[in-house]
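Just so it is clear, the structure is predicted and the values come from calculations on it, not from any experiment.
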Amino acid sequence: MEDTTGSNPQSLGFTEKLKSWLSWSWTYICFIWFGMVLIMIYVLWSPLKLQETLKSLSLCITSFKAYSRLFQIFEWWYFRKYGTSFIEQVSVSHLRPLLGGVESSSTTGLFSSVNGETEPRPSVSECKVWRNPLNLFRGAEYSRYTWVTGKEPLTYYDMNLSAQDHQTFFTGDTQQLRPEDAVMQKAWRERNPQARIRAAYQAIEMNHDVYYVCVHVSVCRCAAAYVLLAEEEATTITEAERLFKQALRIGKNGLKYNTGKDINLLVYIKRRLAMCARKLGRIKEAVKMMRDLMKEFPLLGMLNIHENLLEALLELQAYADVQAVLAKYDDISLPKSATICYTSALLKARAVSDKFSPEAASRRGLSTAEMNAVEAIHRAVEFNPHVPKYLLEMKSLILPPEHILKRGDSEAVAYAFFHLQHWKRAEGALNLLHCTWEGTFRIIPYPLEKGHLFYPYPGCTETADRELLPSFHEVSVYPKKELPFFILFTAGLCSFTAMLAMLTHQFPELMGVFAKAFFSTLFAPLGFFADKMESFMPSSFWHQLTRI
């Protein structure tokens, strides 16, 4: 090991010297190459008749001017119709992705939102990942999937983000950590589930002697250990609920210190208890717990507890209460989510979907209520275009990840996993979605980077979703709006005609032979068919036909 380490500086030094020598010699190699090219041109000027070639090239360029004027007319028409240059659009949409280009950061700035207000335009390189408000329990749900299928539903990147969240939420404010605190910090970072469980039991044993003293840090760590056991070790929701209740009793003792970490821990425990009640069928109890939590901690709106509340209210079919929650959180100044946008679309679609018929709507036109429902669906699809395929069961669902990327496939999976049943319960809602969701892409301005109701769709979502979703899942990619067929046909026809003109000008005899062979081959079936017709038909028939 020592020899290898010692030899590294020498190998690195040799590599640096080689790179510097190559960079130094490159300039002289270019000069030598340029000189050789000039000598070759001088020597081959007469044998290759380069002067005549240059004259024919100038004539060819002159002939191209006519085609360039036609293309200018086409470019002007395209710009008037679509508001952008055809050449620029082809370069941005088709050539740059093939060359591996990315969007420049110079596009970042302020732009108008749906209500005319300005919002900061996010950079493509910044895709913020959010904690999934409805994430499942690892021991009671994710582990069961692994036992049955042998597949891991969570990626290491996703679990690592959860470990960071737990350390941030539950770590004490003290500078010097006690031994049991260090154990719990290590427990969140462990990759092996059994190692995390063992570390949680170790922290509980270390806290057992000081439990009745109610030392602040020790009590909070003990509660965090029970949280880990409820998440990881409990194999049923009932068992997880029991452990969370035990963690709640322990954690309440630390609330008198009123520190941020204690509050985060208690909010987490109460939220998971409400989710346990929801999963066990005690939906009204879960709704009450969520409402109390939102009243008690109104400043923790970033935890998106209202999304848990919306899903529970939809299960109760309390649509008036759902609308009241949406009226509070579906605001222009608040960040949107698939739950907000698609729940709003569901409520508006539910009012008209039971009597909606595409044939009748095409004959008489859309009513005001139907138009509102269609616009709400277009709004939701523009925010997250991946959701409809899951709701319409055109793509199979998987277990949702613990973190989601807004407007990404991970958010679509998480939303559809819990809300598909609510769309099925509303009669005709999925039919209305099926008939109207693809129309969104005809409304969004072209190119798609402009957006319509929301800020432009970020280009980094596919990369982030591949990190969040398991490898066996096919990540949904944002549907690209294709160029109209007429545009592609016209561009291809112009290019083909220009190529034929150049070849005909350079090789007239060869192109004449080629044209004769092409047309003779093209009309050979027609001539064969005519000969067969003449053999079957009497000659007098053709004579009478020519006279007519």
Side-chain angles (χ1 to χ4, degrees), residues 97 127 129-130 132-136 141-142 144-146 148-155 157-158 307 311 314 336-346 349 353 358 373-374 376-444 448 454 457-482:
C127 278
V129 176
W130 298 74
N132 183 8
L134 296 168
N135 65 303
L136 304 177
E141 292 171 309
Y142 287 119
R144 287 180 175 272
Y145 180 84
T146 305
V148 174
T149 64
K151 298 178 180 179
E152 291 291 341
L154 298 176
T155 63
Y157 174 73
D158 192 15
E307 296 194 11
E311 197 279 326
L314 286 173
K336 300 295 183 295
S337 67
T339 302
I340 293 293
C341 295
Y342 277 90
T343 303
S344 178
L346 174 60
S353 59
V374 171
I377 290 175
H378 286 171
R379 171 179 179 260
V381 173
E382 182 184 345
F383 182 83
N384 193 318
H386 312 291
V387 173
K389 286 191 175 181
Y390 293 107
L391 294 180
L392 298 172
E393 299 182 83
M394 301 167 63
K395 192 174 181 183
S396 59
L397 274 172
I398 61 171
L399 295 184
E402 292 185 341
H403 289 80
I404 59 175
L405 182 68
K406 289 191 174 182
R407 308 188 74 178
D409 191 31
S410 53
E411 184 191 32
V413 169
Y415 172 80
F417 185 86
F418 294 100
H419 289 262
L420 176 58
Q421 56 180 336
H422 307 315
W423 280 82
K424 286 185 175 181
R425 188 181 294 121
E427 183 181 357
L430 289 176
N431 179 44
L432 180 59
L433 177 68
H434 175 72
C435 297
T436 57
W437 75 278
E438 290 182 332
T440 305
F441 306 112
R442 293 192 295 269
I443 298 176
I444 299 177
L448 294 174
F454 299 99
Y457 191 81
C460 62
T461 53
E462 181 181 353
T463 304
D465 279 332
R466 293 189 188 278
E467 296 288 337
L468 291 173
L469 295 170
S471 59
F472 57 83
H473 174 72
E474 182 183 357
V475 176
S476 178
V477 181
Y478 184 70
K480 299 293 184 181
K481 178 181 274 189
E482 300 294 337

Should the heavy atoms of other residues, nucleotides or ligands under 6.0 Å from CD of Gln421 be counted, would the total exceed 12? yes

Whether over 12 other heavy atoms sit under 6.0 Å from Lys389 NZ: no

CA sep, side-chain torsions, deciding dist, call: His419, Leu314, side chain to side chain contact (heavy atoms under 4.5 Å, CB included): CA-CA 9 Å; His419 289 262; Leu314 286 173; 3.6 Å; yes

So do [Y] and [X] actually touch side chain to side chain, heavy atoms under 4.5 Å?
| X | Y | result |
| --- | --- | --- |
| Thr155 | Pro401 | no |
| Glu152 | Tyr145 | no |
| Pro400 | Asn135 | no |
| His473 | Val413 | yes |
| Val475 | Glu467 | no |
| Cys341 | Asn384 | no |
| Tyr390 | Ser396 | no |
| Tyr415 | Ile404 | no |

Would Lys336 pass as a cation-pi partner of Phe383, given that its NZ or CZ must be under 6.0 Å from the six-membered ring centre and within 45 degrees of the axis? no

When you measure from the side chain of [X] to the backbone N and O of [Y], does any donor-acceptor pair fall under 3.5 Å?
| X | Y | answer |
| --- | --- | --- |
| Asp465 | Ser410 | yes |
| Ser353 | Ala349 | yes |
| Arg466 | Ser471 | no |

As a quick check of understanding, evaluate side chain to side chain contact (heavy atoms under 4.5 Å, CB included) for Leu469 and Tyr157, giving each step before the final call. CA-CA 9 Å; Leu469 295 170; Tyr157 174 73; over 6 Å; no

Report the C-alpha separation of His403 and Asp158 in whole Å, then their side-chain angles, then the decisive distance to 0.1 Å, and conclude whether the side chain to side chain donor-acceptor pair (under 3.5 Å) test is met. CA-CA 6 Å; His403 289 80; Asp158 192 15; 2.9 Å; yes

Would you call the rings of Trp423 and Tyr342 parallel, tilted or perpendicular, taking 30° and 60° as the class edges? perpendicular

[atom1]-[atom2] distance between [X] and [Y], expressed to the nearest 0.5 angstrom:
| X | Y | atom1 | atom2 | result |
| --- | --- | --- | --- | --- |
| Glu307 | Thr343 | CD | OG1 | 8.0 Å |
| Leu430 | Leu420 | CG | CG | 7.0 Å |
| Leu346 | Leu433 | CG | CG | 10.0 Å |
| Ile340 | Arg379 | CD1 | CZ | 8.5 Å |
| His378 | Thr440 | NE2 | OG1 | 4.0 Å |

Any idea which heavy atoms bring [X] and [Y] closest together, and the distance?
| X | Y | result |
| --- | --- | --- |
| Leu134 | Phe418 | O-CZ, 3.0 Å |
| Glu402 | Leu154 | OE2-CD1, 3.7 Å |
| Glu311 | His422 | OE2-NE2, 3.0 Å |

Please walk me through it: do Ile398 and Glu474 pass side chain to side chain contact (heavy atoms under 4.5 Å, CB included)? CA-CA 10 Å; Ile398 61 171; Glu474 182 183 357; over 6 Å; no

Give the C-alpha distance, both sets of side-chain angles, the deciding distance and a yes or no for side chain to side chain contact (heavy atoms under 4.5 Å, CB included) between Glu141 and Leu399. CA-CA 9 Å; Glu141 292 171 309; Leu399 295 184; 5.9 Å; no

Stepwise side chain to side chain donor-acceptor pair (under 3.5 Å) check, Glu411 with His386: CA-CA 9 Å; Glu411 184 191 32; His386 312 291; over 6 Å; no

